[in-house]
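Below is one structure, written out as structure tokens; comments come after it.
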Protein chains: 2
Amino acid sequence: MKIDPSSKADLSAQIAKAIRDAIVSGALIVDERLPSEAELSEQFEVSRATVREALKRLAAQSLIRTQRGAFGGAFVNRLSFKEAYGQQITTSTLLLSMNAVSFEIACEARFALESACAPLAATRRTADHLATMRAEIFRQTQPGLSDEGWCASDVAFHRALVDAAGNPVLSYQLAGAVEAMQPLMNMITFTARSREKILSLHAKIADFCDSGDGAGIEETLEALALYTRQLGQQMAQKKTAS
Amino acid sequence: MKIDPSSKADLSAQIAKAIRDAIVSGALIVDERLPSEAELSEQFEVSRATVREALKRLAAQSLIRTQRGAFGGAFVNRLSFKEAYGQQITTSTLLLSMNAVSFEIACEARFALESACAPLAATRRTADHLATMRAEIFRQTQPGLSDEGWCASDVAFHRALVDAAGNPVLSYQLAGAVEAMQPLMNMITFTARSREKILSLHAKIADFCDSGDGAGIEETLEALALYTRQLGQQMAQKKTAS
DNA sequence: AATTTTCATTTGTCAGACGTTTAAATGTCT
DNA sequence: AGACATTTAAACGTCTGACAAATGAAAATT
């Protein structure tokens, strides 16, 4: 593990890159302990503070974890699906809010992705997934449900649909997309939407899941997408009018 | 921006979280300058070293950028699609390599996602996208192409297909998935695969894109998925036999 | 007016110190 | 011998103070 003396980047960034490369390439394996900060500072010929800044960069990406005390140190972290979700959601949320992504584009992407798991969800869904969907649908029938509560339930419902596909890689990819975009859509459409209409579509999706009708799920998602897009257009007109 | 004195996490992690929350919530907007390290260390009542570790964590997530000199400092960074790609690819690659994801599952997820953009690609593809696809197909006909070259060209071809959907959010989501999984698949199947067979399927996909036949693209992707899965099974058997 | 010089500000890096945590090693008692 | 308490060394977490390097603004000079 060496750093390039001719690079003009910060030392801590260079060191972080060297260690990151070692992890990605497999030279450092999961749960392997890195040298102590003091040893690293000797190896790279920098101060301990600089090494620490490099390690914090890696920790921010969940590539390492640190443990204090004797026999502690920095260990290569097994990146879990859960941690990866979290990072994806943060990244996706910021990406959408900072890049003026149009409602139309976000909506299209979100439903295209979700439709991708419809056929799988139809064949693989378990009783658990169906129960989660039904529970969220029931929650959505409660008149006292706040807008935040509705939004959370909406996310949970779609999350259950995605998980029903029984493919963790797919779940990881889609959960990030759905969880980042659904709140955005709720924020835009919550004044105009009809809970009843969405609810009935959710119920249809759950029924199609139950009966294993993948095409039915896709069609219903299509309808949901269409309705959401219409709401988006309404809001855009309202905005222009005001 | 305050930190919780009762938390037992590292101070630098708490401070990073406080600033991250401020960015995500919109309290700090793009290109806004954060207080200097000295000012932050006063505000949070910690040393400058601790503040710096927090800032390095945020820099690792591309949430801020720093500039030296007078009137320099840390600025909220506009997260670009390109940066987000990079992070997604790193995360996805590590996730796959560290979690013993089966070839079958990865393959299923990859083609399910790619199929999602087939209908859009059929209607939106431009001459540019088609040209890229044809160029990669031509490259793949060259007998002297190395395995690495083939893999890179394969990724580029599928990337063009994804981009042809004309939805940057979709591109962002799928580019990460495809670029992380395609090399994995090539690594597993490169000894057994028939370049000719894959090439003919690529050509069919390009033709269907040209003629705007979304269903045709999906069917061909399906065939490609099937063939890839078969290769995966062959390799699994070989492994068992040895 | 244009150019050069100065200068204050801010990040990058370093050295050294001390506190805290942790698990292994050691000691002690039953 | 075994269970429990104590010691101890290793390692991270944090702080202080210092200096170097970059950088843009302001002042000085031509």
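No experiment lies behind these values; they were computed from the predicted model shown. By convention in this document, chain letters (A, B, ...) are assigned in the order of the sequence lines, proteins followed by strands, and residues within each chain are numbered from 1.
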Take atom CG of B:Leu40 and atom C1' of D:dC15, then tell me their distance rounded to the nearest Å. 17 Å
Hey, which sits more toward the 5' end of DNA chain C by its nearest nucleotide, A:Gln67 or B:Gly69? B:Gly69
Any side-chain to backbone donor/acceptor pair from B:Glu179 onto B:Val155? Under 3.5 Å, distance only. no
Using a cut-off of less than 4.0 Å, is there contact between a side-chain N or O of A:Ser36 and OP1 or OP2 of D:dA10? no
Can you tell me the distance, in whole Å, between the NZ atom of A:Lys8 and the C1' atom of C:dT13? 18 Å
Considering only heavy atoms from C-beta outward, does the side chain of A:Gln140 approach that of A:Phe157 to under 4.5 Å? yes
Give a yes/no answer on whether the side chain of A:Thr50 brings an N or O atom under 4.0 Å of OP1 or OP2 in C:dC14. yes
Can you check the B:Asp10 CG to C:dG19 P distance for me, whole Å? 19 Å
Tell me if a side-chain donor or acceptor on A:Arg65 pairs with a main-chain N or O of A:Val76 at a distance below 3.5 Å. yes
Upstream residue (5' side of DNA chain C) when A:Ala70 and A:Glu45 are each assigned their closest nucleotide: A:Glu45
Side chain to side chain donor-acceptor pair (under 3.5 Å) assessment of A:His129 paired with A:Thr126: CA-CA 5 Å; A:His129 297 129; A:Thr126 66; 3.1 Å; yes
NZ of A:Lys56 versus C1' of C:dT13: gap in Å, rounded? 18 Å
Determine whether a donor-acceptor pair (N or O, by modelled atom type, separation under 3.5 Å) exists between the side chain of A:Ser97 and the backbone of A:Leu94. yes
Closest to the side chain of A:Glu37, out of D:dG13, D:dC15, C:dT11, is D:dG13
With no angle test and no hydrogens, is the base of C:dG12 tied to the side chain of B:Arg48 by a donor-acceptor pair under 3.5 Å? yes
Would you kindly check whether a donor in the side chain of A:Arg68 faces an acceptor in the base of C:dT22, or vice versa, at under 3.5 angstrom? no
Which of the following nucleotides, C:dT11, D:dC15, D:dG13, is nearest to the side chain of B:Ser47? D:dC15
Please report the distance, rounded to the nearest Å, between CD1 in B:Ile64 and P in C:dT10. 16 Å
Euclidean distance, atom CD of residue A:Glu53 to atom P of C:dC14 [Å, nearest integer]: 10 Å
Just call it for B:Arg65: base, sugar-phosphate, or nothing, with non-hydrogen atoms closer than 4.0 Å on any strand. nothing
Taking CZ from A:Arg52 and P from D:dC15, how many angstroms apart are they, rounded to a whole number? 11 Å
From CZ of A:Phe75 over to P of D:dA11, roughly how many Å is that when rounded to an integer? 10 Å
